[in-house]
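Not measured: the values here are computed from a predicted model.
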Amino acid sequence: MNLNRLAVFLTVLCAGLSLHAQSQGGVSDAWTLETVNANARLVADWMTAHPKRHSQLDWTYGAFYAGIAALGLSDPALPYLDQIRDLGRKSAWKPLTRTYHADDHCIGQSWLEVAAFDNNPTYAAGLKLTYDYILANPHKGPLDFTKKDNQKRWSWCDALFMSPTVLVKIYGLTGDARYLDFMDREYKATTDYLYSKDDHFFFRDSRYFDKQTKNGRHVYWCRGNGWVFGSLPIILRDLPADRPSRAFYLALYKEMAASIKKAQHADGAWRPSLRDLDDPDMQEMSGTSFFTYGLLWGINNGVLDRADYLPCVQKAWKAICRNINSEGRLGWVQPIGDRPVASYTADDHEVYAVGAYLCAAMELRKLIVADAHPARKAVEIVNPLALYRSAETVTLDWARLGMQAAKVRVFDVRNSAVLPHQLFDSDGDGTPDQLLFKTYALAHQSRTFWVLESDTLPAAPVEATCFSRHVPERMDDAAWENDRMAFRLYGPKVSEPAPAGEGLVSSGIDVWCKKTRRPVINDWYASGKYHDDRGEGLDYYKVGPGRGCGGLGIFNGGTWHASGNWVTHKTLATGPVRTVFELTYAPWACGEGVSVRETRRVSLDAGSHFTRIESRLSVTGSAALQAGPGLDISAGRQHNGALAAQPDQGWLANFEPAHPKHGSLETALVIPDKGTLATDPLDNLYLLRTPAADKPLVWYAGAAWSGAGDFVSADSWTAHVSAFAASLRAPLTVTVK
C-alpha cells in the first residue's frame, strides 16, 4: 500500500470511527418547543463564541446571519437581532466591494429582515445602491464558469441563495418591481443552464456537466443544491401571490423536493454527492440542514404532502441533533469548497451550516405550535399596495374569537413569534371588544397569524410600550409615547401666571425625541432633565403659541382661531399595542359670534410615528368654518426645513434644519382625504377641511428624529409620510378563518 492510499484509508477509517462515536451522543431530538428553542440558542451561542476567520460580511456569514435573523425574530427580546444591528453599524450598512458578486450580497438577507422589523431604511441604503447600479448596468456575459467575469452573473448554483433572496426583500421594502424582474430573469437563466431536467438537481457550475462520480454518475453537490433549495422558501414567502413567476419557483421547489427525498440516506442525513451516496459515504450537515429547512417549509405551507414528507424530515432532524455536541457545536460539515469531498470529520463545523440549522429550527417551531393547537384561528392580512407598511395594528372582534383572555396568544407564522397583544374597550362600556396586535407588511405581501388558546406557549411581554398619563407635577402636561417618540399637550396649570404657572397659553403639540425603545415619560419627568440628552433623547422642540406638530386651527372667513389649553383629561388605555386618552377644551371664540368647543380622543400605536387625533367639535353660531391641523414651519422657532406638501394626497412633511448637537427633527401631518393649504400669522401651515356635523375630524400628527437613526434624510422621511398617507386610503384586508 503506497503512502497516498494509506492516507486515504486512515482518513476514511477515522471518519467512520468518529461517525460511530458521534451518533451515540448529540442533543435531544424531542419535538417540543422547549427543546427546539434551547438547542437553537445553544448552537447559535457556541458558533458566536467560536467565530471563523472569514469576514463577517462574506457569504459564509451571510448564511449564518440569515439563521440568526430567523432566531432573533422568533423572540426579539433575545440578543440575536442586536448581533445583526451591531455588524451593520460597524460596516456602515455597506456590503463588501465586489458589486456584481453574489457572495458579497448574501449579508443583505439579515440586514433587510431587520430593516423591515425595525422600520429603518438606513439598513437597506447600501444594498439598494449596489443593486441599482447592477440593474442600470447588467452584466450580459456567459454563465460558462471557465469564462472571464462569469461570476458577475449567477453562474454557480449557490449564488441562487445569496442574491435573489436579497432582491425579493428589497422589493418588499420598496415596492419597485424592477428588482423582481431582474431576479426572475437571472434565476431562470441560471436554472436553464445548470438544472438537470432529468435528475432535478443543479450542477454546481458548468465544469461539472461532464464529470462523474467513481460509480459513473453525475456529480450533484449536496451543499450547493441545499443552498438552492433553501432559497426557494425565502423567495416564495414574500413574493406577491399574484406574481406570474410564482408558478416557476413552486414547480422548481416541488421537483427538487421529490428528488431530495429520494436521495436521503437511511440514517436521515444526506451525502455530499446526491446521486452517488457512496462517493463519499459520509453525512454532511450543511446540506442536510438546508434540505430540512426547505422541506419543513413545504409541509407547513401545504405545498408538500405531510404524510409523504414528514417521515423524511423526522429522520433528518434526528440526524442533525446527533451531530450537535453538548456544547452546541454542529459537526460533520464539509468545509468551504465547490464539490463533494471526504476530507472532513465530526469536528468540522462552519457558520453557514449553523445558519441553515437555525432556519430549520424556526420552521420546526411553527409545525410544533400548529400541531399543539388544532383549534387555532387563522388571520390572514393582505397588503394591497406595492409599498412597505412599517407599523400596522390589526383589530379583531374579541367576542367573535370566543377565547379566554388569560390563555390567548397571537402567533406570527412568518417570524415564528408570539406577538404582544392588547384587549381594548373601544366603546367605553367597561368590557373589551377588540383584540389588537401590531405587525408590518412588505409590498403586496400576504401574511398569516394564528390566534389560539394555550397553557404552554409562553406569552409575549405585556409592558405598556404605549403609555400616556396626566402629569400634574409638571403643571398639568398630558404626555404620551410609544417605542418611537413622545409627545405632550399643555394643560390648565401652565397657563396660569408665574410663579404658579408659566403663563403659556397653547394647544400646540410638543415633540420629544427618543433614541431608546423603552418608555421614558415617567423617568424623564422624575429627573426634570429632559432638555438634556443623557443617552436616551431629549426635548428640544419649540412650541410656544404655535401649532407645533399638529395643533388644531379653526378658520372663519379666512381668519385663524385656536383654543387655549386643555381643561380635562381622562386616560382610556395603555398597553403594549395602543394608548388612548381623551381631552376636552373649553369653548373659544371664532369670530362673528361663533364659538367652538372640542372633545378630543388621542391614540398612539406601537411602532408608529403617527398619533391619531379624533376631534369632535361643537359649534355655537352659524358660519362656514374650515378646520384642520397645523404644522409649525416658522424660522423663528427653527422649524423652517425641507418642506414637502401634497394636499391632494392629504399630507405635509417637514425635515427641519439640523441642530448643531442634536440632528434634525422631522414632523408631518396626514389627513384621510385631500385638504386645502392655509397659513396663519405665526407661520403655521394647515391642512384644512370643512368639518361635518355628524362626524369627527380626524388627522395624524407624525414625528421622527434623525438622532434615533430611523430617518436621516429628507427623502427617507418624505417617502415614509407619503407611504403612510397611501396606506390610510388602502387599508389591509383582514380575514379570519
Side-chain angles (χ1 to χ4, degrees), residues 470 472 475-478 487-498 500-510 541-570 581-602 611-634 636-637 639 647 652 667 669 671 675-701:
H470 173 211
M475 302 186 192
D476 288 331
D477 286 350
F487 306 85
R488 66 173 167 176
L489 279 160
Y490 301 116
K493 192 68 176 179
V494 75
S495 66
E496 297 178 8
E502 295 177 353
L504 175 61
V505 177
S506 175
S507 54
I509 297 177
D510 191 16
Y541 188 72
K542 297 180 180 179
V543 180
R547 297 296 79 205
C549 180
L552 179 66
I554 303 290
F555 283 74
N556 186 359
T559 302
W560 161 75
H561 305 275
S563 72
N565 302 24
W566 60 263
V567 294
T568 68
H569 176 288
K570 181 181 180 181
F581 61 96
E582 194 168 270
L583 303 174
T584 62
Y585 288 84
W588 70 97
C590 294
E592 300 178 356
V594 174
S595 68
V596 175
R597 183 175 70 252
E598 180 188 6
T599 299
R600 176 181 297 188
R601 179 170 285 202
V602 179
T611 293
R612 184 181 190 274
I613 300 172
E614 179 180 299
S615 176
R616 295 188 179 274
L617 303 176
S618 299
V619 180
T620 301
S622 178
L625 301 180
Q626 286 192 302
L631 193 67
D632 196 330
I633 59 170
S634 66
R637 290 182 291 277
H639 301 316
L652 306 173
T667 56
L669 298 177
I671 57 177
T676 302
L677 295 180
T679 59
D680 66 21
L682 298 179
D683 289 333
N684 298 290
L685 182 62
Y686 293 83
L687 279 172
L688 297 182
R689 291 164 290 166
T690 300
D694 58 342
K695 294 181 180 179
L697 191 70
V698 175
W699 70 94
Y700 297 81

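With sequence neighbours excluded, no residue satisfies side chain to side chain donor-acceptor pair (under 3.5 Å) with Ser595. Applying the side-chain contact (heavy atoms from CB on, under 4.5 Å) criterion to Ile633, with sequence neighbours excluded, gives Leu643, Asn654, Leu685. Under the side-chain contact (heavy atoms from CB on, under 4.5 Å) criterion, Pro545 pairs with Leu682, not counting sequence neighbours. Among residues two or more places apart in sequence or in another chain, the side chain to side chain donor-acceptor pair (under 3.5 Å) test is passed with Arg600 by Glu598. Residues forming a side-chain contact (heavy atoms from CB on, under 4.5 Å) with Ala693 (at least two apart in sequence, or on another chain): none. Listed by chain and residue number, nothing satisfies the ring pair (Phe, Tyr, Trp, His ring centres under 6.0 Å) test with Tyr490 (two or more places apart in sequence, or in another chain). Not counting sequence neighbours, the partners of Phe581 by the ring pair (Phe, Tyr, Trp, His ring centres under 6.0 Å) test are Trp480, His569. Considering only residues two or more places apart in sequence or on other chains, Ser495 meets the side chain to side chain donor-acceptor pair (under 3.5 Å) condition with none of them. For Lys542, the side chain to side chain donor-acceptor pair (under 3.5 Å) criterion is met by Gln638, not counting sequence neighbours.
Under the 3.5 Å distance criterion, the side-chain polar atoms of Asn565 are left unmatched by any main-chain donor or acceptor of Asp476. The backbone N or O of Gly564 lies less than 3.5 Å from no partner atom in the side chain of Trp588, so there is not a single donor-acceptor pair. The closest donor-acceptor contact from the side chain of Asp680 to the backbone of Trp560 lies at 3.5 Å or more, if one exists at all. The closest donor-acceptor contact from the side chain of Tyr541 to the backbone of Gly548 lies under 3.5 Å.
Ile509 approaches Ala701 most closely through the heavy-atom pair CD1-CB, 4.5 Å. When all heavy atoms are compared, the tightest approach of Leu625 to Pro691 is O-CD, 3.4 Å. Residues Arg547 and Gly630 approach most closely at CB-O, 3.6 Å, considering heavy atoms. Nearest heavy atom pair, residue Pro696 against residue Glu614, reads CB-CG, 3.4 Å. Contact record, Tyr686 with Gly628: CD2-O, 3.5 Å, taken as the closest heavy-atom pair. Contact record, Ala678 with Leu688: CB-CD1, 3.4 Å, taken as the closest heavy-atom pair.
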**CA sep, side-chain torsions, deciding dist, call: Ile613, Tyr700, side-chain contact (heavy atoms from CB on, under 4.5 Å)** = CA-CA 6 Å; Ile613 300 172; Tyr700 297 81; over 6 Å; no
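Atom OG of Ser618 is separated from atom OH of Tyr585 by 15.0 Å, given to the nearest 0.5 angstrom. Interatomic distance, Thr599 OG1 to Lys570 NZ, rounded to the nearest 0.5 Å: 11.5 Å. For the atom pair CD1 of Ile671 and CH2 of Trp699, the computed distance is 11.0 Å after rounding to the nearest 0.5 Å. Here Thr676 contributes atom OG1 and Leu687 contributes atom CG; the two are 8.5 Å apart, rounded to the nearest 0.5 Å. In this structure, the separation between CG on Leu583 and NE2 on His470 is 10.0 Å, given to the nearest 0.5 Å. Going from atom CZ of Arg616 over to atom NZ of Lys695 covers 11.0 Å, rounded to the nearest 0.5 Å.
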Without placing hydrogens or testing angles, list every side-chain donor-acceptor pair under 3.5 Å for residues 551-559, not counting sequence neighbours.
from: Asn556; atom 1: ND2; to: Cys590; atom 2: O; distance (Å): 2.9
from: Asn556; atom 1: ND2; to: Gly591; atom 2: O; distance (Å): 3.2

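Among pairs with a residue in residues 683-693, those fulfilling salt bridge (Lys or Arg N to Asp or Glu O under 4.0 Å) read Asp673-Arg689, at least two apart in sequence or across chains. Pairs of residues two or more places apart, or lying in two chains, that qualify as salt bridge (Lys or Arg N to Asp or Glu O under 4.0 Å) and include a residue from residues 581-593 are Glu582-Arg601.
Within a 6.0 Å radius of CZ in Arg637, more than 12 heavy atoms belonging to other residues, nucleotides or ligands are found.
Side-chain contact check for Ser507 and Ser563: at least one donor-acceptor pair (N or O, by modelled atom type) lies under 3.5 Å.
Here Asp510 pairs with Arg488 in a salt bridge; the nearest charged N to carboxylate O distance falls below 4.0 Å.
A heavy-atom distance below 4.5 Å is found between the side chains of Val602 and Thr611.
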